[in-house]
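Below is one structure, written out as structure tokens; the observations come after it.
All figures in this text were calculated on a predicted structure; none of them were measured in a lab.
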Amino acid sequence: IDSNDVPNLQLPENISTLFGGLTPAPEQANACRVIAERGVVVLTGGPGTGKTQTTRAVIQLSHDNGLTVFSVAPTGRAALRLAELAGHPAATIHRQIAIKPGVAPDEFTLGCDAIVCDESSMIDVELAAQLLAVIDTERPVRLVFVGDVDQLPPVGAGAFFKDLIDSERVPVVRLTQIFRQAGDSPIPHIARAFNEGAMPSLERSDGFAFINTAREDAEEAAQLAQDTVVMAATKWPIEKERGGAKSIADIAVVAPQRTGLCGVRALNERISAIVNAGKSPAQTLPYGDGAYFEGDKVMHTVNNYELNVFNGEIGTIACVSESGEAADRFTAATGYEVTCEDAKTAVVVEYAAPGMPGNKRFVGYSRGGMHQLTLAYAITTHKMQGSSAPCVIFAATAQHRWMLSRRLIYTTVTRAERYLLIVGDAAVIRRAVAAQSNDAPRNTRLRGLLTPPARTAKDWFDSLDVV
């Protein structure tokens, strides 16, 4: 990495023009100055600290200087959110670096002058290597990695974002000031308290509620928590419009693990049974021991390069067909094309796709390919990372105590845009937050490879100008 091998960008006389006329905080203004002068920069900060506004300003600065900018993120939802908030087209890293037909892999390069990558804490070393490998080294390309280093590390190998910061090889701009006006969401302040190892107030407010389901009997407590989460997900926030939630599509139920009464599997089964009650046979596709329904929220669980759908992408079932005619029926009814692996399609799933018509794309699955899907009314924190929802319901019970950590709790809380409901055991949460860290350590080499080797005493002495 040579962070200096780029020409300086011309900053406007009044830097507030990059922020829509608003006066930026000193940290935000400094970020623009650093990015104007350096080729590789890290921008990190927690929720509400102005990362999105600063990212938008950086993109605007690049455009004003005539640069071609690619905005990317690890997941489709994160890319769509980046495009909406930053006001600039964005794509997933996988789709942006996809080798074009007729181009040899070793000849393919990204034709851009700057890359802005959001949610960089999710990037594992393999994906980072793939991105860096297709950068055109014959032209000066700026790289800006944006993210929250305090969130969970990537699911894949390594800790690219953290190692990049710890290497001290590239400039790091940290945003710390929370930009929230009186009456706005308390979520950034709650997240910051958790991240600092403190227990925030659990008093109910306009944007937050806590329901304590702790009981002497662990099984009774877990069942109570499950009942509470299910009722909250299917009824309460929608009726009260908490966080602006108008349907279950606006609500994310998050749990630390898949197993247990308050795990993802059990919660998905109960929520699906409630929201799909009364649906007709034409809207139902029996599968395994259960069924999928039109309107179900689902997740793709493996990387499928043929369908161009990747692990963790969340979509909605748009059409089902026991006879394998879902794609044909859907296209005939809507006019949208469906990407399929097989001529016989049992389900068609709608995914977020920034830059495509309606910012969505449709993928057809045969019965043999449906093992790639799972219900996603409730998902784990790791799968939720990189996404957000107007209303987040977080199950944190004693059954989850082995999985709960300060970093996991912080990451979950920061997924909520406008309303956060925590259901569980306050004592268990307090212990997890107070612990310095119970995250599994990662053995990585990237930081060492980026950091220049320490000088020996002899090297130091030989460099002295001794007369």
Are the side chain of [X] and the backbone N or O of [Y] linked by a donor-acceptor pair below 3.5 Å?
X    : Y    : answer
K51  : V146 : no
T44  : V149 : yes
T301 : Q372 : yes
H400 : T397 : yes
R142 : G39  : no
R415 : Q385 : no
H189 : A191 : no
E269 : A266 : no

Which distance, rounded to the nearest 0.5 Å, do you find between the [atom1] of [X] and the [atom2] of [Y]?
X    : Y    : atom1 : atom2 : result
E325 : T331 : CD    : OG1   : 12.5 Å
Q399 : T259 : CD    : OG1   : 8.0 Å
I271 : D296 : CD1   : CG    : 11.0 Å
L446 : S167 : CG    : OG    : 7.0 Å
T414 : R192 : OG1   : CZ    : 13.0 Å
R406 : I429 : CZ    : CD1   : 14.5 Å

Can you confirm whether [X] sits close enough to [Y] that some side-chain heavy atom of one is under 4.5 Å from a side-chain heavy atom of the other?
X    : Y    : value
H88  : R56  : no
L43  : T55  : yes
M370 : Y292 : yes
I393 : V254 : no
I317 : V348 : no
C319 : E294 : yes
Y365 : V309 : yes
E313 : S387 : no

Just by distance, no angles: are the side chains of [X] and [Y] close enough, under 3.5 Å, to form a donor-acceptor pair?
X    : Y    : answer
T54  : Q28  : yes
N276 : S272 : yes
D163 : T444 : yes
R270 : Q226 : yes
D425 : N212 : no
T381 : T412 : yes
E341 : N304 : yes
D148 : Y410 : yes
E27  : T176 : yes
S388 : E417 : yes

Contacts of type ring pair (Phe, Tyr, Trp, His ring centres under 6.0 Å), residue F210, not counting sequence neighbours: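 Not a single residue meets the ring pair (Phe, Tyr, Trp, His ring centres under 6.0 Å) criterion with F210.
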Any idea which heavy atoms bring [X] and [Y] closest together, and the distance?
X    : Y    : result
A31  : V173 : CB-CG1, 3.7 Å
K297 : I248 : NZ-O, 3.8 Å
L420 : V413 : CD2-CG1, 3.7 Å
K360 : Y336 : CE-OH, 3.3 Å
C262 : A222 : SG-O, 4.3 Å
V320 : A326 : C-CB, 4.2 Å

Among V428, I409, N195, L404, side-chain contact (heavy atoms from CB on, under 4.5 Å) partner for V433: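 With V433 as partner, side-chain contact (heavy atoms from CB on, under 4.5 Å) holds for just one option, I409.
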Among V264, V275, I274, L267, the one residue meeting side-chain contact (heavy atoms from CB on, under 4.5 Å) with Y377: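 For Y377, the side-chain contact (heavy atoms from CB on, under 4.5 Å) test succeeds with only one of V264, V275, I274, L267, which is V275.
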Anything under 3.5 Å between a donor and an acceptor, one on a side chain of residues 124-135, the other on a protein residue two or more places apart or in another chain? List them.
| unit_1 | atom_1 | unit_2 | atom_2 | d |
| --- | --- | --- | --- | --- |
| D124 | OD1 | E126 | N | 3.2 |
| D124 | OD1 | L127 | N | 2.8 |

Kindly check if the number of other-residue, nucleotide or ligand heavy atoms within 6.0 Å of [atom1] ([X]) is above 12?
X    : atom1 : result
E168 : CD    : no
K162 : NZ    : no
R329 : CZ    : yes

Verdict with reasoning, I59 to V116, per side chain to side chain contact (heavy atoms under 4.5 Å, CB included): CA-CA 8 Å; I59 293 172; V116 177; 4.1 Å; yes
Intermediate values then yes/no, side chain to side chain contact (heavy atoms under 4.5 Å, CB included), I211 and T213: CA-CA 6 Å; I211 299 177; T213 57; 4.2 Å; yes
Intermediate values then yes/no, side chain to side chain contact (heavy atoms under 4.5 Å, CB included), D113 and V141: CA-CA 5 Å; D113 306 302; V141 178; 6.0 Å; no
F362-Y351 aromatic ring centre distance below 6.0 Å: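 No - the distance between ring centres of F362 and Y351 does not fall below the 6.0 Å cut-off.
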Sequence neighbours excluded, every pair satisfying ring pair (Phe, Tyr, Trp, His ring centres under 6.0 Å) that has a member inside residues 256-278: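 Output for this query is empty, none listed.
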Evaluation steps, side chain to side chain contact (heavy atoms under 4.5 Å, CB included), between V298 and V349: CA-CA 8 Å; V298 292; V349 179; 3.8 Å; yes
